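Everything on this sheet refers to the single structure shown next.
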Amino acid sequence: MMLFDSVIAAACLGAAAMALFARDRIAAVAAFLVMGLLVALSWLRLGAPDVALAEAAIGAGLTGALLLRSARRVPKASAKALPPAQWLGAALLSLAVSGAILWTALIVETAAIYPALVNEALPESGVENPVTAVLLNFRAWDTLLEIAVLFAALAVIAVVKPVHPRIAPLGPMMLPFARVVLPLTIFLAGHLLWQGGHAPGGAFQAGAILAGGAIALGLSGMVRPIRWGRAALAGLAILGLGAFVVAALAAELLTGALLGYPAGAAKAWILAIESALTLSIAATLLLLFIGPAERH
Amino acid sequence: MSDISLIVLLPLLAAVLTAALPRQAAAIGTLATGLNAFLAANLGRQILHSGTVTEAIGDWTAPLGITFDANGLASVMLAMAAIVGLAVSLQAAAGPARAGFWPLWMATLGALNGLFLSSDLFNIYVAFEILGLAAVGLTALAGTRASLRAAFDYLTAGLVGSLLVLLGIALSYSVTGRVDMEAVAMLTQSDTGRIALALIAAGLVVKAALFPLHFWMPGAHSSAAPAASALLSALVVKGALYLVLRLSLEGGAGTEFLRNTLAVLGAGGMLWGAWNALRAERLKLLVAHSTVAQIGLIALAIGVAGNPLETGLWQAAALLMLSHALAKAAMFLAVGRIAEALGHDRISGLNREELRPGPAEFAFAIAAISLVGLPPTAGFIGKWFLIEGLIDKGGIHWIALILLGTALSAAYLSRVVSRCLRGGPHVSATARRPPWRTGDVAALGLATGALLLGLAAALPISLLETPFA
Amino acid sequence: MISDFAFLISGAGLICLALFRLATSADLLMRVLGLNVLAIGIAMVLLVSARGAEGTDAVPQAFTLTGIVVLVGVTAALLALAERVAEARDE
């Protein structure tokens with residue numbers, strides 16, 4: 001497996017170089033997508049399946065879709081020949097930073113103090129998947145702020161109001177595909193959400209799958225996203241942050257600790273919060289793609 | 001329900017409500033800012049009374065969980081955000097409704113409160129991302145071409161900054177195995193740890209717009225709408241400066257290398273910002289470059305303060321942050337009103353015949369006095385504290401630099417003040433006074449606050465002197 | 001261990017490529033790509049250092065997950081701004 005790992009690690013670098021140095025925009029975005037999938041594979045090999053799943057769905061899939069959307073709309077800057085001094089400076093700086101990282105990571109031999117703490121606290125957390133336990137119990141405040149980041153991103157896009165992408169239907173060939181996609185994504189999302197409690201998965205992956213399915217349906221022309229009602233989607237999107245904040249306050253009323261779930265009921269609380277987050281994340285990611293409001 | 005939980009959650013709840021109910025947004029936002037100020041005052045009283053208040057979120061203690069530490073410094077910062085926030089909310093609620101302002105401002109306030117209280121590096125990184133995005137939204141709110149371009153550059157620079165912070169946190173994890181504030185002192189023990197700290201600090205230098213990585217800032221701060229500029233200049237850059245100060249405090253003697261670099265960069269920023277402010281043609285640009293100079297002064301104060309565990313000189317930096325926030329917010333709000341009355345903000349066009357100086361001009365003048373640091377303003381107390389400490393320490397060259405910076409700031413601010421407030425023959429007899437607006441009240445209120453804070457400086461100083469942890 | 005080393009090199013390499021591109025390109029879309037590659041490189045380094053005797057530490061995994069979600073939000077905002085900047089140039 002060592003050889004396999006080395007090949008993937010090298011392929012990640014190769015794809016990244018292609019993405020960053022390709023002349024053609026579409027080729028660059030395609031290379032970025034491939035890199036995302038290779039990185040997801042690497043992370044699977046590094047023993048982080050939750051993260052690999054999220055990277056494949058969000059990092060490669062949704063970011064790729066966003067980049068593809070913008071690739072044609074953002075004009076290319078005229079490539080000016082750089083002064084050699086700047087070129088050299090950039091090369092030296094980037095080599096120095098990555099060299100420092102390599103050096104640091106190679107010479108330290110510190111055992112992390114988290115695994116023992118996580119193992120000790122896991123039985124009380126209400127879930128068996130340690131990553132979900134960290135995200136929604138031990139460090140739920142990070143996750144609440146993360147949902148606030150998505151909220152802020154949506155608020156920025158609402159201010160900027162880009163032209164929403166013209167959805168060009170891909171034609172009748174897509175219809176049978178779309179009929180399969182709809183139930184499949186809903187099933188897959190529900191499964192990932194439920195599975196997150198004990199195996200890789202959770203609200204973010206499930207939400208991303210839902211959003212991806214919706215974008216695919218929009219592209220197939222079967223559903224016109226405009227008619228779904230952006231107001232309803234926006235309401236769903238901001239519901240996530242609202243529900244999380246209210247849950248945090250309610251938990252404090254019950255237990256006296258901010259985001260401290262009542263003893264024995266942690267699983268129910270986590271599942272309820274995660275369900276609300278899944279829908280909200282799906283709506284948010286979809287709106288990040290199609291834009292929250294139409295510009296007149 | 002503890003004050004700490006409410007002060008971090010209330011603005012986020014208000015952000016959701018203002019986004020959901022745009023018609024009532026101004027009322028909800030103003031109410032939330034008022035409640036926030038009340039909570040900040042209450043928390044400050046509690047800290048004065050019984051020292052640092054600590055709260056473990058979900059009862060999971062650090063390093064696994066995240067802890068809020070409401071200490072004296074955090075409390076002064078919370079009060080700073082609350083006071084500036086009140087004035088800006090007042091101005092925005094009375095002004096023309098701008099869709100999108102309130103959710104962004106509430107998210108900014110929530111992120112700042114969370115940032116000031118949190119004792120976990122990764123958590124602070126996430127708070128920075130909210131702050132960065134919301135600040136970019138506030139910049140883009142003006143909708144002009146310049147502001148959109150400035151917003152893009154702002155977001156790119158901000159993201160580079162936060163990714164550098166994240167890289168430092170990743171290395172901090174591989175060196176110490178943890179990312180809470182306790183890790184900072186451990187990081188100062190080894191070369192690899194110092195690399196991690198240096199990366200975090202480099203990211204913060206970008207985010208705080210400290211010279212020479214301030215290139216993105218004058219454009220963003222000068223092209224945004226007045227209320228937004230006031231928030232960006234007075235509060236948003238303070239988030240990063242606060243964390244720099246916090247790292248200096250947590251690291252103690254071990255962060256001397258960071259302080260030495262900060263002192264040099266700060267001196268550079270103070271002179272470079274002043275030079276550009278002297279040459280600026282537009283009023284808003286002058287004020288934005290003055291922010292570069294003032295951030296330089298604050299960084300210099302953090303840098304020359306020495307080991308914070310031994311001397312209390314770092315408190316000067318906190319006082320300067322507080323006084324700069326009040327004065328600069330007043331200045332941007334006043335500039336907004338002046339530009340509104342004149343229809344432009346060219347400095348050469350401030351001499352006018354048909355308009356007498358109004359309240360906005362007076363607010364600008366008072367804020368300028370505080371920025372220069374004349375008694376009895378808050379700016380004077382901060383500078384006096386710093387210079388007095390430096391005399392004891394024997395840092396005479398730093399004193400010379402600070403006085404040079406002060407002279408330069410007096411020079412560039414008098415370019416405006418002398419034109420604004422000049423009476424005499426060139427004002428025609430029929431000149432009218434501009435009518436009062438709520439924006440004038442907000443600007444004058446903040447400027448008066450900066451003035452009075454100098455007289456009531458005992459309060460923030462006694463807060464800053466409460467022992468940590 | 002050799003596998004971890006390969007991924008570490010890959011992570012540091014991604015950071016190197018991204019920083020170089022960010023410092024030399026004026027193209028708006030390229031900057032967005034560069035920032036994304038930089039973030040992925042950082043996540044790779046973090047995940048490699050999360051490797052321990054008894055599997056991969058869950059806490060840095062959660063950090064990475066948070067980082068990915070944060071990044072897609074910022075990327076969407078950046079691209080929306082870039083599109084509007086391009087539009088404003090055309091007008």
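Letters go in sequence order (proteins before strands), and every chain restarts at 1. None of these values were measured; they are calculated from a predicted model.
Neither the backbone nor the side chain of S49(C) comes within less than 4.5 Å of any heavy atom of chain A. In this structure, the portions of V59(C) lying under 4.5 Å from any heavy atom of chain A include both its backbone and its side chain. The contact between A22(A) and chain C is made entirely by backbone atoms, counting heavy-atom distances below 4.5 Å. Neither the backbone nor the side chain of L53(A) comes within contact range of chain C, judged by heavy atoms closer than 4.5 Å. For R45(A), the parts lying under 4.5 angstrom from a heavy atom of chain C are both the backbone and the side chain. Heavy atoms closer than 4.5 Å to chain A are found in the side chain of V32(C), but not in its backbone. Proximity to chain A (any heavy atom under 4.5 Å) is shown, for A43(C), by both the backbone and the side chain. Both the backbone and the side chain of V51(A) come within less than 4.5 Å of a heavy atom in chain C. Residue V131(A) touches chain C through both its backbone and its side chain, counting heavy-atom pairs closer than 4.5 Å. With a 4.5 Å cut-off on non-hydrogen atoms, L20(A) touches chain C through its backbone and its side chain both.
Annotation: side chain of R25(A) is not in contact with side chain of L33(C) (no heavy-atom distance under 4.5 Å). At a threshold of 4.5 Å between non-hydrogen side-chain atoms, the residues F63(C) and R139(A) count as touching. Inter-residue side-chain proximity for F204(A) and I68(C) is flagged as unmet; no heavy-atom pair is nearer than 4.5 Å.
In this structure, L67(A) CG and T75(C) OG1 are separated by 7.0 Å, a value rounded to the nearest 0.5 Å. Considering CG of L106(A) and CG of D4(C), their distance stands at 11.0 Å, rounded to 0.5 Å. Distance check, rounded to the nearest 0.5 Å: CG of L65(C) to CD of E55(A) gives 10.0 Å. From K76(A), atom NZ reaches atom CE of M30(C) across 7.0 Å, with rounding to the nearest 0.5 Å. In this structure, CG in L135(A) is found 9.5 Å from CD in Q61(C), a value given to the nearest 0.5 Å.
Considering only heavy-atom pairs separated by less than 4.5 Å from chain A, the leading option among A77(C), C16(C), A26(C) is C16(C). Of the listed residues A100(A), A153(A), S42(A), the one with more heavy-atom pairs under 4.5 angstrom with chain C than any other is S42(A). Interface summary for chain C: among L154(A), N119(A), L150(A), I8(A), the most heavy-atom pairs under 4.5 angstrom belong to L150(A). With respect to chain C, the highest number of heavy-atom pairs below 4.5 Å among A11(A), G207(A), S70(A) belongs to S70(A). By number of non-hydrogen pairs under 4.5 angstrom with chain C, the leading residue of L117(A), L3(A), T63(A) is T63(A). In terms of heavy-atom pairs under 4.5 Å with chain A, the best-connected choice from V69(C), L47(C), V70(C) is V69(C). Interface remark: of the candidates V48(C), L19(C), L78(C), D57(C), D57(C) forms the most heavy-atom pairs closer than 4.5 Å to chain A. Between chain A and the options L22(C), L28(C), N36(C), the largest number of non-hydrogen pairs under 4.5 Å is found for N36(C). Listed options T66(C), L17(C), V37(C) were ranked by heavy-atom pairs under 4.5 angstrom with chain A; first place goes to T66(C). If you tally non-hydrogen atom pairs under 4.5 Å between each of S94(A), A90(A), S98(A) and chain C, the highest count goes to S94(A). Of the listed residues (G55(C), A50(C), A76(C), A18(C)), the one with the most heavy-atom contacts under 4.5 Å to chain A is A76(C).
Closest approach of A71(A) to L29(C), counting heavy atoms only: CA-CD2, 4.1 Å. Shown here for V74(A) and A82(C), the closest heavy-atom pair between the two residues is CG2-CB, 4.0 Å. Heavy-atom minimum distance, I40(C) versus M35(A): CD1-CE, 3.4 Å. Closest non-hydrogen pair, R51(C) versus L46(A), comes out as NH1-O, 3.2 Å. Of all heavy-atom pairs between C12(A) and S10(C), the closest is CB-OG, 3.7 Å. Listed here is the closest heavy atom pair of L13(A) and I9(C): CD1-O, 4.5 Å.
Listed for the Q86(A) side chain is a donor-acceptor partner under 3.5 Å among the backbone atoms of A23(C).
Ring geometry, F20(C) versus W87(A): the interplanar angle exceeds 60°, so the pair is classed perpendicular (tilted spans 30 to 60°).
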* Would V160(A) and E83(C) count as a side chain to side chain contact (heavy atoms under 4.5 Å, CB included) if you check the C-alpha gap in whole Å, the side-chain angles of each, and the deciding distance to 0.1 Å? -> CA-CA 9 Å; V160(A) 176; E83(C) 285 181 19; over 6 Å; no
* Hey, mind stepping through V72(C) and L66(A) against side chain to side chain contact (heavy atoms under 4.5 Å, CB included) and telling me if it holds? -> CA-CA 9 Å; V72(C) 76; L66(A) 279 167; 4.2 Å; yes
